[in-house]
Structures are given as structure tokens and as C-alpha cells.
Amino acid sequence: MAKRVFLVVLDSFGIGLAPDAASFGDEGSNTLAAVCSYSNEPFPNLARMGLFDIDGHDDTRIKTYLDSWEDRPAPIGSYGRIRELSAGKDSTIGHWEMAGALSSSPLPTYPDGFPEEIINELKSRTGRDIICNKPYSGTEVIKDYGDEHMKTGALIVYTSADSVLQIAAHEDIVSREELYGYCKIAREIMCGKHAVGRVIARPFEGTSGSFTRTDGRHDFSLEAPAATLPDVIKAAGLDVISIGKINDLFAGRGITSSNPTSGNTEGIAKMLEYADKDFNGLCYINLVDFDMKYGHRNDIEGYNKAMHEFDDALGQMISLLYPGDLLIITADHGCDPSTESTDHSRETVPVLVYGEGYDVPHNMGTMAGFTHVADIAFDALMAPSIRREFSPEVNSNVPNPDNIMSYVDMTNLKVTACEDDIRDLVKRAIEAGAASVCVQPCFVKLASREAKGRLSICTVIGFPNGYQTTACKKFEAMEACDNGACEIDMVINQCMLKSGDINAVGAEIDIIARAVHAKGAILKVIIETCNLTQKEKAVLCHVVTVSGADFIKTSTGFGSAGATLEDVAYLRKMCGSNVRVKAAGGIRSKEDAQKMIDAGADRIGASALK
């Protein structure tokens, strides 16, 4: 389980290819492609998170951008694209869906302005006249109606293509608190069939001809129609920290700590601040400038620069993550700045995940429903870690010096082995008092059933060459544990070792060790000594020790040579005291096995001993 989940919403950062885009008038919209069209400058940290490895990047602007980028970093976690299922493309519905609440009906919009009964009630309850009442750009509306407002004190009420009612007022005429009060009244009025997603306070300042909006924006959102991720996390007694407009979007529900921000720069700073704080729960972050300042204003350059600001901070964020943390990056809709429209666009959005449980590269493909985001966060924070109940217990074998077989993993890894061979192996191992049987992964369940708790079951992973990807090895190891194996013998990635990437080798051992230990099993690391230089052996002894493995094992038995006394003695000398040594390959007699034990071996791998 994760202790901290950081869910970062890049507001409006769509990546095109929504199958229903045409129904929303957004066919061909692709916010990522627009951003990439501005310059060829790399986004290295978003690349590490897998943004550019997501399936379906067929827009020529993205292809041209990627063609210009040599040595693009490989992904470090999971990545994919998600299509929205709710009937809308606004922030409110987008956030509701990513928090687990689908909306089958779109929120109301007012392309011709609000009906007379709404305006009259607003006038009556605020005691002020109303001007504008049209869809309008937020910067243009104060330019066109600001002077009239200053003279009369009338509230500037306007909307957009979104489901919003916005009220603008100069801070010298209407104080922020007074404006917020009027917006609360509007929120009460806009209910039932007129239940807009948000009522937004838009204070501004300045003089005629140079009015500008202040940082006093405040959203009064419609409450979600069902329990959401923040509700559930808070009810479980965990922290739910809001950064940016998250608190507003959820009408304060489910939030334990709210941190409003003036824009991306402050939001990023808050995100990094909380990355260095101790809490247990969800930190939910919205970076609004992508949408508010750049998408709606068709400012491709501004959007691009804002993405680079985030990418730079993302590198720092990744470095600040604790073990057990999870980082999720996604979006709530698109807002393509390269189209004629200034409205949101119906697009798929990225989901980039790194950290606890997502520590190996994995392409999640295309998924239906932003609710997948809620599932990932909920499972990370709330799903219990299930340890297997192994019988006999792991590490319960105590070798008997009077019985050499009690040191032995009796092994049959032949490609021609059949079920009867495995049954016979288990029977002989139990009779001999062996430490375990080591069988192929496909026979783990059979061996476990045959042993009936009388014998430990071992299997091999990444066998015999070790060049499978870490994701494959991790899955294979966890499945083997679930099938009954309590000891996992994994072959290192010798290709990475020979390429000089010892960090990759160590990272893989650490990932598999943590996955295996979480199941309650132990890990033995096969280094295949016959292929190694003395220097490589020394380095691997250190790596295996610090990566948390339980055993270092000499050989697969399928290499050019097996265990030697010299190698066993060297491994025992160079590994830490918590790492045991398994000698395997070419050991056929009890005398040879005893010599290996005398040299420092704690376990022997052999098909039989004469």
C-alpha cells in the first residue's frame, strides 16, 4: 500500500483521439500536438513518465517533434490514454469522473445568456442591477462593461461555452467578500434544471482601458452526485490535501486541507512543498493556467512554456518521492490552443503513473473512463497488501548436518519434464528430507498440491537467460507466489550487466525483491558466475546485498559451467551477512555438495545426489 498519493491534474492537457470528438465539434483537436508544434525543445521528465510512448500519437505535429528528438528517455512507470465517458467536457464533470462519479447528463449551458427569471431573481436577492448576460471572454467582458459597472455598480454577469455563471466586479466597487456572497446567492438560484457546474467570482482592478483580473477568483461548484475519491479517502481517516481549485471543484467536500493558489507557479511550489512533508493520504493538485491562461486564449507559446515549467519541476518531484509514494499525472479535458475555438475540446487525456506498485515500464493502452484514475489512487491507499500463507513457513527449513539432503533444492527444470516427473520429484524430496523442490513455473501449482505442506516449493524466474524485461519478471514472480512458490530463483539481466548498466541490474533486483517479500516469499538471485569477470562478481555481491535479496546463487545449470568452490568461497566472503549462498550446477555427489557447504554454501541446487 502507498502512504502518499500525489494526483496532479494538468488542466486541459488533452492528447486527441477521442472517439466521440466529432459529436462535440472537436474532431482533430489535439492539445499535445499544438504544444509540440511550437518548438522542438524536449520535455525529458514527461518523457520519463511515458507521455510520448502512449499509443496513438499519429498527429503529424507530434511525429515531427519526436523525429527531432534524439536519445529520448525511456519510461520509468505506467502510461496510457483515457477517454471520458461522462456527457461533458468541462472541469467539473472531468474531475468528478476521475474521482469516481460518472455524469450521464451534461450540465446546462447558456449560449444565449441566462433566462429572464434567473436574472430577475439575482437582481432581487443581490439588490444590484445586472449587465451583459452573454457568453463572453473574461478579459474582454471587463474591457467592454467595466466602465458601466464602475458608474452604476451593476454586476457583470456572463457565461461561456462551459456550464458556468460568472460574476465580475471591480474590487473598489464590490469587495471580494461581498462578491463571494453574491456568488453564494447565485449558487442557490442555479439549481434543478439550471444547476450549472460552477458559479465563479471574477474580481478585477485597474482603471478604464486597463482593467485586469485579480487573483481573487473563487469557484462555487455544484456538489458531485455521488461519493467521490476525496469523500472515501477522508472517511477512512486519511488526509485529503487540495492544491489549486480542487477544493472549489468538489465544493469543499472530502477535503481536509485546502491550499488555493494564484496559478501554476504557486501550485507547483505547493506540490513540491508537500512532497517534502509527512502525511498519509491524497494530495490532489490542479494546475489551472494551462486552461485559463493559455488554452482559452489560443496561446500556443504560453502553453508550451507553461509545460516546460511543469516538466522542470517534475524532475524535482520525482526525486522527492519517498519509498511507498505514488505519483499520478492526468488531465480533465482538452483545450486545443491551435483551433479557432476558445472552448474546451473533447479529447482523450494521458494517465502517467510512477511509484508504489508502478515501478516498471508498462503500457496500459487506451482505457474507457476517467474513473480508472480513482481506481489507481484508491487501490494504492486503501487496498490491503495480501501476504500468502505458505506451508511449511518460509525459512522454516533448518539444515541437519547429518543429512546432506536437508541443504538441497531438489530440481527438475528439464524442458521435457511432465507431470508424472514432478510428482515423482516431490515424493523423493519429501522422503529425503530436502529443503525444497525447484520446478518450472507451470508446475508450481501441481508441486504445491502434491507436497501438501510437507515441503517448500521453489521456482525459477527469467530463466535461464535473464534477458526478459523487469515487468515480465515481476509479474512472473508474483504469479508464482500466488500459485504456491515461497522461494523464487531469478536470473539477473546479464545483457544490462555486460552493457555496463549496473544500476539497471540493481534496480531490477530491488523491484523483484520487494514484490516477492510483499507476498511473504524469499528471493534468490542467480548471477551465472561462468559468464562473469572477477570484477563483475565483486560488484554483483554488493548489488545483491544492498538490493535486499535473500540468496545469491552461482548458476542456472544451463550455462557453460556450474558452481566452483572458489566462486562459492568468494561470494560468501563478499556478500553481506544477511545474504546466503546457493551453489548450483554440476553438483552430483554428496561429497561435492559437502565441499560446497564447507566453502560457504547455505543451499545446494541439484537434481539428485549420489
Side-chain angles (χ1 to χ4, degrees), residues 407-417 425 435-443 458-470 472-473 476-477 480 485 487-502 504-506 508-509 512 523-544 547 549-575 579-589 592-593 595-597 599-610:
Y407 289 84
V408 178
D409 295 339
M410 288 185 64
T411 305
N412 186 340
L413 297 173
K414 294 178 181 178
V415 296
T416 55
L425 177 70
S436 78
V437 287
C438 187
V439 300
Q440 303 91 330
C442 63
F443 285 137
C458 173
T459 194
V460 288
I461 299 299
F463 197 83
N465 299 309
Y467 45 40
Q468 294 87 344
T469 65
T470 301
C472 290
K473 290 180 179 177
E476 194 177 5
E487 299 189 3
I488 303 296
D489 289 16
M490 181 200 74
V491 185
I492 65 163
N493 192 319
Q494 299 171 75
C495 298
M496 292 296 101
L497 175 68
K498 294 299 181 181
S499 298
D501 195 351
I502 192 64
V505 176
E508 178 174 272
I509 296 171
I512 305 302
L523 177 66
K524 308 187 196 103
V525 177
I526 308 173
I527 63 172
E528 200 71 287
T529 49
C530 64
N531 293 338
L532 305 178
T533 66
Q534 199 68 11
K535 182 178 179 181
E536 288 169 339
K537 294 173 189 175
V539 170
L540 283 171
C541 284
H542 172 72
V543 169
V544 170
S547 298
D550 302 281
F551 277 83
I552 189 168
K553 180 178 172 182
T554 61
S555 319
T556 62
F558 285 70
S560 59
T564 67
L565 292 172
E566 293 77 14
D567 280 339
V568 169
Y570 187 73
L571 299 184
R572 178 64 281 149
K573 175 185 175 182
M574 298 299 291
C575 285
V579 177
R580 290 167 279 176
V581 177
K582 178 176 176 178
I587 304 171
R588 296 183 174 84
S589 70
D592 287 342
K595 290 177 182 178
M596 293 292 179
I597 293 168
D602 301 278
R603 194 75 70 87
I604 303 296
S607 57
L609 293 179
K610 297 179 181 178

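Quantities reported herein were computed from a predicted structural model and do not represent experimental measurements.
- Taking all atoms of both residues into account, the shortest heavy-atom contact from N531 to S560 is OD1-OG, 4.4 Å.
- Between N412 and F443 the shortest side-chain heavy-atom distance does not fall below 4.5 Å.
- With contacts defined as side-chain heavy-atom distances shorter than 4.5 Å, the pair S555/T529 qualifies.
- Scanning both residues, D489 and K582, for their nearest heavy atoms gives OD2-NZ, 2.8 Å.
- Looking at K473, its side chain never comes within 3.5 Å of a backbone N or O of I509 through a donor-acceptor pair.
- No option in D567, V568, I597 other than V568 meets the side-chain contact (heavy atoms from CB on, under 4.5 Å) test with V581.
- Here the side chain of D550 pairs a donor or acceptor atom with the backbone of L523 at under 3.5 angstrom.
- The shortest side-chain heavy-atom distance between V539 and V505 does not fall under the 4.5 Å cut-off.
- In plain terms, the two heavy atoms of P441 and T459 that are nearest each other are N-OG1, 3.1 Å.
- Sparse packing is recorded around NZ of K595, with 12 or fewer heavy atoms of other residues, nucleotides or ligands lying under 6.0 Å away.
- Within the 3.5 Å criterion, the main-chain N or O of I492 finds no donor-acceptor partner in the side chain of E508.
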Dump the intermediate steps for salt bridge (Lys or Arg N to Asp or Glu O under 4.0 Å) on E487 and R603, then the final yes or no.
CA-CA 12 Å; E487 299 189 3; R603 194 75 70 87; 2.9 Å; yes
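- Judged by distance alone, with hydrogens and angles left aside, the side-chain atoms of S589 form no donor-acceptor pair with the main-chain N or O of K610 at under 3.5 Å.
- Between F551 and D602 the shortest heavy-atom distance is CE2-CB, 4.2 Å.
- Heavy-atom minimum distance, G506 versus V543: CA-CG1, 3.4 Å.
- The minimum heavy-atom distance between D409 and S436, with the atom names listed, is OD1-OG, 2.7 Å.
- At distances below 3.5 Å, at least one donor-acceptor pair connects side-chain atoms of T556 with backbone N or O atoms of F558.
- The closest side-chain heavy-atom distance from Q440 to F463 is not below 4.5 Å.
- Counting heavy atoms of neighbouring residues, nucleotides and ligands inside a 6.0 Å radius, atom NZ of K573 does not exceed 12 of them.
- In terms of modelled atom types and a separation under 3.5 Å, the side chain of T416 and the main chain of K414 share no donor-acceptor contact.
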